[in-house]
Amino acid sequence: MSTFWIILTGALVASTCGIVGCFLVLRKMAMIGDAISHSVLPGIVIAFLISGSRDSLFMLLGAAVIGLITVFLIQLFHQSGVQSDASIGVVFTALFAVGVILVSMYTRNIDLDLDCVLYGEIAYVPWNTIEIGGVDIGPKAVWGIGLALLLCVILITAFYKQFKICSFDPAMAAAVGIPVALFHYLLMGLVSVSTVASFESVGAILVVGMLVVPPATAYLLTERLSRMILISIVLGCASSVIGYYLARMLDASIAGSMICVAGGLFLLALLFSPTHGVIFRKIQQKRLLA
Amino acid sequence: MSDWLNILQDPNVQWILFGCMLLGLSSGVIGSFAYLRKQSLMGDALSHAALPGVCIAFMLSGSKSIALFLVGAAAAGLAATFGIGYITRHTRIKQDSALAIVLTVFFGLGIVLLTQIQHSGNGNQSGLDKFLFGQAASMLLSDVRIMAVISLFLIGVCTLLFKEFKLLSFDPGFARGIGYPVAFMDQLIMFLIVVAVVVGIQAVGVVLMAALLITPAVSARYWTEKLGLMVVLAGAFGALSGLVGTFISANGNNLPTGPLTVLVATSLFVVSVVAAPRRGVLSKLLLRAYVRNKLRGEQEKSVLQAERKETTV
């Protein structure tokens, strides 16, 4: 049973991140996920200090607030003339430093260490379950990530057209009267919610990887946004299944193996994609020359 | 005050102060070029990508020698820069996605290797994660010596090739046109970033090393429009952050050096955003107020003149 829960959690994370990640890759903001997953640390610590418990709800709230602040600050500095990648770098490293200092100042004697906050372990998911009315209804992580996935699916399907235009041509989106800034923050909100919901249970690295690697792979395989989202979900789920068994075989970290499998799939697409693959393009060039 | 002086007289603290200062200086200098070439996050990616290199170095040698770790990390970093370059050049994937892909896949591979090492029951592994998360306080004299040599090397290369790097940062097409080996110099700058990152990781850790490459350079950009001055300023900001950060950390209260250094750098950045001449927030506000007043004065004058004309007519 625990195998099922771990794979399910991995697949849910992969689907949530795959949906949101496609838009990030298209909007050239792939590093945002990395930034948010680091910068939520002070939010988690502050929430912990205020509430005094390791209750996930408070931590999620604190993390989500800081996630939005991160996005806001990045946007602010970018608009005042700093290049966007540099403003991402400045903001998330500063917040992360604040978080590390808070941890070492206040929580030295309390049960909250950096590793467990930042690098949640997917292998422990099945043992952290919720009970309602005395009935065990499954791991907490599955419910949390499931809710995040539901939110993403609802919002993206409801505003699919708007998100699409905003990603490909923000100027045109503004011209036809779509509130571009609102959708920017909505997307960023979704990124922070899915990052935060997932990383506590599965670790930051899996979230950041699933946000970028499967969507980028899908980007090499298709020209349609809807197909790109579908492919990236399928690839993400496939890497979480294969990654789990690989980890069992090698006796290694599950999250790490899932990312490695996703990376391997990316490499395959990079070489053999029928439209954008390196090898097929070479063959095509030769054919044209001959 | 005398306490502070006492702390400064401790030779151990002196080494660490000196080491962090050098680190800030050299990463500020390299960071300026990275910033202008829109590769600020390269430092972040490369410092994560060092993990598998360090693990493989440990697995092959079985010993925890810093020199081997540095070689492994540098090799992994070079592989990562090559991967990023290959993906951006040969597919339609943009640089940010390529960075993120390489970062996560390398780091994931590193975690797999790390857990392998841990599960293999080798009792000697316990310092590996410390190496990556950085501990300035544990720096030894020999580490500081290595850092000093490498920092001088970095700064030397940047001084000697200043003109070439300048051209490459602002107009790579022109540089290629007049016959510079652009691809080679590209890789050289990457190599310098890799070296800076690898040296810095053990002092301040993976994430915060990225900050030392980015933040001083961005702050310096606010104060000047000249590259030479910007590089010098960025180096100075970096060195100052290293100095002050280490100083606060050494002054008791047991806070980690790396994050403090980053926070000092960030405060310098905030000061720059607010107070820098011409590009800062304050000076922009002042300029706006001045222009508004001037305009208003001119309007009043023209109204007065118009009235005067009417009265004379």
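Just so we're on the same page: letters track the sequence lines, and every chain starts at 1. All values derive from a computational prediction rather than experimental measurement.
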Whatever's closer than 4.5 Å to a heavy atom in chain B on V82(A) counts as both

Answer with side chain, backbone, both or neither: which region of L270(A) has an atom nearer than 4.5 Å to a non-hydrogen atom of chain B?
side chain

Counting heavy-atom pairs under 4.5 Å to chain B, which of L246(A), D251(A), L24(A) comes out on top?
D251(A)

Closest heavy-atom pair and its distance - C260(A), V112(B)
SG-CG2, 4.1 Å

For the residue pair A94(A) and L263(B), what are the closest heavy atoms and their distance?
O-CD2, 3.8 Å

Cut-off 4.5 Å, heavy atoms of chain B, and the answer for F266(A) is side chain

Residues which pass side-chain hydrogen bond (donor to acceptor under 3.5 Å, both in side chains) with D186(B), listed by chain and number, not counting sequence neighbours:
R37(B)

With chain B, the option among I88(A), V91(A), D34(A) that has the most non-hydrogen atom pairs under 4.5 Å is D34(A)

Heavy-atom pair of closest approach, residues I101(A) and P259(B):
CG1-CB, 3.5 Å

Hey, does the side chain of R281(A) reach the backbone of H90(B) with a donor-acceptor pair shorter than 3.5 angstrom?
yes

Below 4.5 Å from any heavy atom of chain B, which atoms of S87(A) appear? Answer side chain, backbone, both or neither.
neither

Got a second to check how far S97(B)'s OG is from L211(A)'s CG, nearest 0.5 Å?
11.0 Å

Of all the residues in residues 99-106 of chain B, which have a heavy atom that comes within less than 4.5 Å of a heavy atom in chain A?
L99(B), A100(B), I101(B), L103(B), T104(B), V105(B)

Can you tell me how far CE of M209(B) sits from OG1 of T93(A), rounded to the nearest 0.5 angstrom?
11.5 Å

Is there side-chain contact between F107(B) and V208(A), with at least one heavy-atom pair below 4.5 Å?
no

Measure V218(B) against the heavy atoms of chain A and call it side chain, backbone, both or neither at under 4.5 Å.
side chain

Check whether any side-chain N or O of D96(B) sits under 3.5 Å from a backbone N or O of M29(A) as a donor-acceptor pair, and report yes or no.
yes

Answer with side chain, backbone, both or neither: which region of F269(B) has an atom nearer than 4.5 Å to a non-hydrogen atom of chain A?
side chain

Whatever's closer than 4.5 Å to a heavy atom in chain B on V98(A) counts as both

Side chains of L41(B) and F92(A): does their closest heavy-atom pair fall under 4.5 Å?
yes

If you count the non-hydrogen atoms of other residues, nucleotides and ligands that lie under 6.0 Å from NZ in K94(B), is the total more than 12?
yes

Counting only heavy atoms not in H78(A), do more than 12 sit closer than 6.0 Å to its NE2 atom?
no

Kindly indicate whether the side chain of Y86(B), heavy atoms from C-beta on, has any atom under 4.5 Å from the side chain of V278(A).
yes

Could you check if a side-chain atom of D44(B) sits within less than 4.5 angstrom of a side-chain atom of M31(A), using non-hydrogen atoms only?
yes

Under 4.5 Å from any heavy atom of chain A - which part of S40(B):
both

